[in-house]
Amino acid sequence: MSKLYFKFGAMASSKTANALMTRFNYEEKGNRVWLIKPDLDNRDDYIDENGTLVTVVKSRIGLSAVADVLKQDENLLERFKNLNEKSKIDVIICDECQFLTEAQVDQMKYIAEFCDTPVLCFGLRSDFQTKLFPGSKRLFEIADSINEVKSVCRCGKKAIVNARVDKNGKIITEGEQIEIGGNDKYISMCWGCWQTVIAEQEKN
């Protein structure tokens with residue numbers, strides 16, 4: 001029986017690199033991989049010479065691949081069934097899975113359980129306020145396998161906080177949950193350093 005996997009970590013923990021290496025390993029053995037990404041993360045997408053939007057999964061270390069975009073209101077199960085009828089999908093890999101809806105995570109669970117197709121999700125656990133994303137929360141609730149992709153804070157401890165910063169490097173503690181960005185907007189930190197920096201900012 002196939003499983004629903006959730007592999008989470010802080011920003012800059014090589015989650016996307018792991019997703020792309022997993023894709024390579026499956027494809028090298030002749031498997032068809034359906035690589036997908038929610039449409040909320042469009043940082044690396046571009047318009048090609050034909051005017052078509054190309055969705056890209058790209059890691060900080062330079063690995064990248066073209067993917068299918070998944071819209072917020074899209075029924076993942078229906079789309080999977082349509083594609084699978086045309087050409088069998090052996091595995092689904094989803095990057096930035098924190099942006100999935102709860103319904104889409106449930107649909108992934110159904111695919112793993114009843115369509116015998118493994119689903120591997122890679123993404124963040126929590127936002128810049130250490131609150132769970134809806135997609136991540138649902139994955140923690142129903143995923144068959146949960147693993148952490150670890151990274152370190154500048155102090156050497158494990159990084160668990162995705163600290164949002166302004167253009168001057170000051171930590172931001174209020175705002176909308178979703179604000180797409182990379183190293184220009186986020187720093188992965190341990191909880192202790194995050195709290196210490198916030199306290200120092202409040203003094204000044």
Side-chain angles (χ1 to χ4, degrees), residues 1-46 48 53-71 74 76-100 104-125 133 135-136 138-152 158-160 162 180 182-183 188:
M1 184 176 66
S2 296
K3 295 181 179 180
L4 172 60
Y5 299 84
F6 180 31
K7 300 178 185 293
F8 72 92
M11 295 190 72
S13 62
S14 299
K15 297 181 304 301
T16 298
N18 273 268
L20 292 172
M21 288 187 289
T22 301
R23 169 181 174 269
F24 174 82
N25 288 335
Y26 271 103
E27 290 186 338
E28 190 178 37
K29 294 173 177 61
N31 294 292
R32 183 184 177 214
V33 177
W34 186 27
L35 179 65
I36 58 176
K37 184 179 75 167
D39 62 354
L40 284 178
D41 185 357
N42 57 7
R43 283 173 293 171
D44 301 303
D45 298 353
Y46 65 93
D48 66 13
L53 176 67
V54 179
T55 300
V56 177
V57 170
K58 185 177 181 181
S59 72
R60 285 176 170 79
I61 63 172
L63 299 176
S64 65
V66 174
D68 275 351
V69 66
L70 188 64
K71 297 179 181 178
E74 189 166 8
L76 177 66
L77 178 59
E78 288 183 2
R79 187 170 175 191
F80 167 80
K81 287 181 176 179
N82 290 334
L83 292 172
N84 199 48
E85 285 179 1
K86 298 174 183 176
S87 180
K88 184 180 183 299
I89 295 171
D90 297 302
V91 61
I92 299 172
I93 296 177
C94 178
D95 192 40
E96 305 294 349
C97 63
Q98 70 272 7
F99 296 139
L100 295 170
Q104 289 169 337
V105 175
D106 286 344
Q107 290 156 15
M108 287 182 164
K109 178 69 171 178
Y110 185 97
I111 292 169
E113 189 78 24
F114 296 109
C115 302
D116 197 26
T117 303
V119 182
L120 291 81
C121 295
F122 296 79
L124 300 173
R125 172 174 59 182
F133 286 99
S136 303
R138 191 61 180 146
L139 280 162
F140 273 117
E141 292 168 342
I142 65 172
D144 299 296
S145 175
I146 300 172
N147 297 103
E148 184 174 14
V149 182
K150 297 177 182 177
S151 60
V152 295
K158 186 173 74 172
I160 63 169
N162 304 300
I180 303 302
N183 293 337
S188 56

Undergrad: Any side-chain heavy atom of L83 sitting closer than 4.5 Å to one from W34?
TA: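 They are in contact (side-chain heavy atoms under 4.5 Å apart), so the answer is yes.
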
Undergrad: Taking side chain as C-beta onward, heavy atoms only, is T55 less than 4.5 Å from I36?
TA: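 In short, these two side chains do not touch, never coming nearer than 4.5 Å.
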
Undergrad: Calculate, to the nearest 0.5 Å, the distance between atoms CE and CZ belonging to M1 and F114 respectively.
TA: 9.5 Å

Undergrad: Please check: side-chain N/O of R23 versus main-chain N/O of L35, any donor-acceptor pairing under 3.5 Å?
TA: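 Not a single qualifying donor-acceptor pair exists.
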
Undergrad: After noting the C-alpha distance and the side-chain angles of C97 and L139, does the key distance pass the side chain to side chain contact (heavy atoms under 4.5 Å, CB included) rule?
TA: CA-CA 9 Å; C97 63; L139 280 162; 3.6 Å; yes

Undergrad: Looking at CG of L120 and OG of S145, how far apart are the two atoms once the value is rounded to the nearest 0.5 Å?
TA: 8.5 Å

Undergrad: If I compare all heavy atoms of P38 with all of V69, which pair ends up nearest, and what's the gap?
TA: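 Between these two residues, the closest heavy atoms are C-CG2, 4.4 Å.
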
Undergrad: Rounded to the nearest 0.5 Å, how far does CZ of F80 lie from CD1 of I92?
TA: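 If we round to the nearest 0.5 Å, I92:CD1 and F80:CZ are 5.0 Å apart.
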
Undergrad: Given side chains that start at C-beta, do those of K37 and D45 come closer than 4.5 Å, heavy atoms only?
TA: yes

Undergrad: Would you call E141 and R138 a salt bridge, using N to O less than 4.0 angstrom?
TA: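 Result for this pair is yes, salt bridge flagged.
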
Undergrad: Would you please test I111 and L4 for side chain to side chain contact (heavy atoms under 4.5 Å, CB included) and show each step?
TA: CA-CA 9 Å; I111 292 169; L4 172 60; over 6 Å; no

Undergrad: Can you check whether S14's main-chain N or O pairs, donor with acceptor, with N18's side chain at less than 3.5 Å?
TA: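 Present.
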
Undergrad: Would you indicate whether K109, at its atom NZ, is surrounded by more than 12 heavy atoms from other residues, nucleotides or ligands within a distance under 6.0 Å?
TA: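 Counting other residues, nucleotides and ligands, NZ of K109 exceeds 12 neighbours.
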
Undergrad: Can you list the steps and then say if L63 with F24 is a side chain to side chain contact (heavy atoms under 4.5 Å, CB included)?
TA: CA-CA 11 Å; L63 299 176; F24 174 82; over 6 Å; no

Undergrad: For the residue pair D68 and R79, establish whether any side-chain heavy-atom pair is separated by less than 4.5 Å.
TA: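 Sidechains of R79 and D68: in contact.
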
Undergrad: If I take atom CG from residue D144 and atom CZ from residue F6, how far apart are they, to the nearest 0.5 angstrom?
TA: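 Rounded to the nearest 0.5 Å, the CG-CZ separation comes out at 13.5 Å.
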
Undergrad: How far does CG of L70 sit from CG of L100, to the nearest 0.5 angstrom?
TA: 6.5 Å

Undergrad: Measure the shortest side-chain to side-chain distance between S64 and D44 over non-hydrogen atoms and say whether it is less than 4.5 angstrom.
TA: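 Side-chain contact under 4.5 Å: no.
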
Undergrad: With sequence neighbours left out, what residues match T16 under side-chain contact (heavy atoms from CB on, under 4.5 Å)?
TA: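 Counting only residues at least two positions away or on another chain, T16 forms a side-chain contact (heavy atoms from CB on, under 4.5 Å) with L20, V57, S59, D95, E96.
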
Undergrad: Any donor-acceptor pair under 3.5 Å linking the side chain of S13 with the backbone of S151?
TA: no

Undergrad: Do N162 side-chain atoms and A10 backbone N/O form a donor-acceptor pair below 3.5 Å?
TA: no

Undergrad: Are the side chain of Q98 and the backbone of F133 linked by a donor-acceptor contact shorter than 3.5 Å?
TA: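 Checked: no pair found.
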
Undergrad: Is a side-chain donor or acceptor of N147 paired with a backbone partner of K7 at a separation under 3.5 angstrom?
TA: no

Undergrad: I'd like to know if the side chain of Q104 reaches the main chain of K71, judged simply by a donor and an acceptor atom lying under 3.5 Å from each other, with no hydrogens or angles considered.
TA: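 Yes, the answer is positive, given that a donor and an acceptor are paired below the 3.5 Å cut-off.
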
Undergrad: Find out whether R125 and F140 are in side-chain contact, i.e. whether some heavy atom of one side chain is under 4.5 Å from a heavy atom of the other.
TA: yes

Undergrad: K158: what forms a side-chain contact (heavy atoms from CB on, under 4.5 Å) with it, not counting sequence neighbours?
TA: E148, K150, I160

Undergrad: Roughly how far apart are Y5 OH and C94 SG, rounded to 0.5 Å?
TA: 16.0 Å

Undergrad: Counting C-beta onward and ignoring hydrogens, is there a side-chain heavy-atom pair between E74 and D39 closer than 4.5 Å?
TA: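 When only atoms from C-beta onward are counted, D39 and E74 do not touch, as no gap falls below 4.5 Å.
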
Undergrad: For a 4.5 angstrom cut-off between non-hydrogen side-chain atoms, does I180 reach F99?
TA: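 Counting from C-beta outward, I180 and F99 do come under 4.5 Å.
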
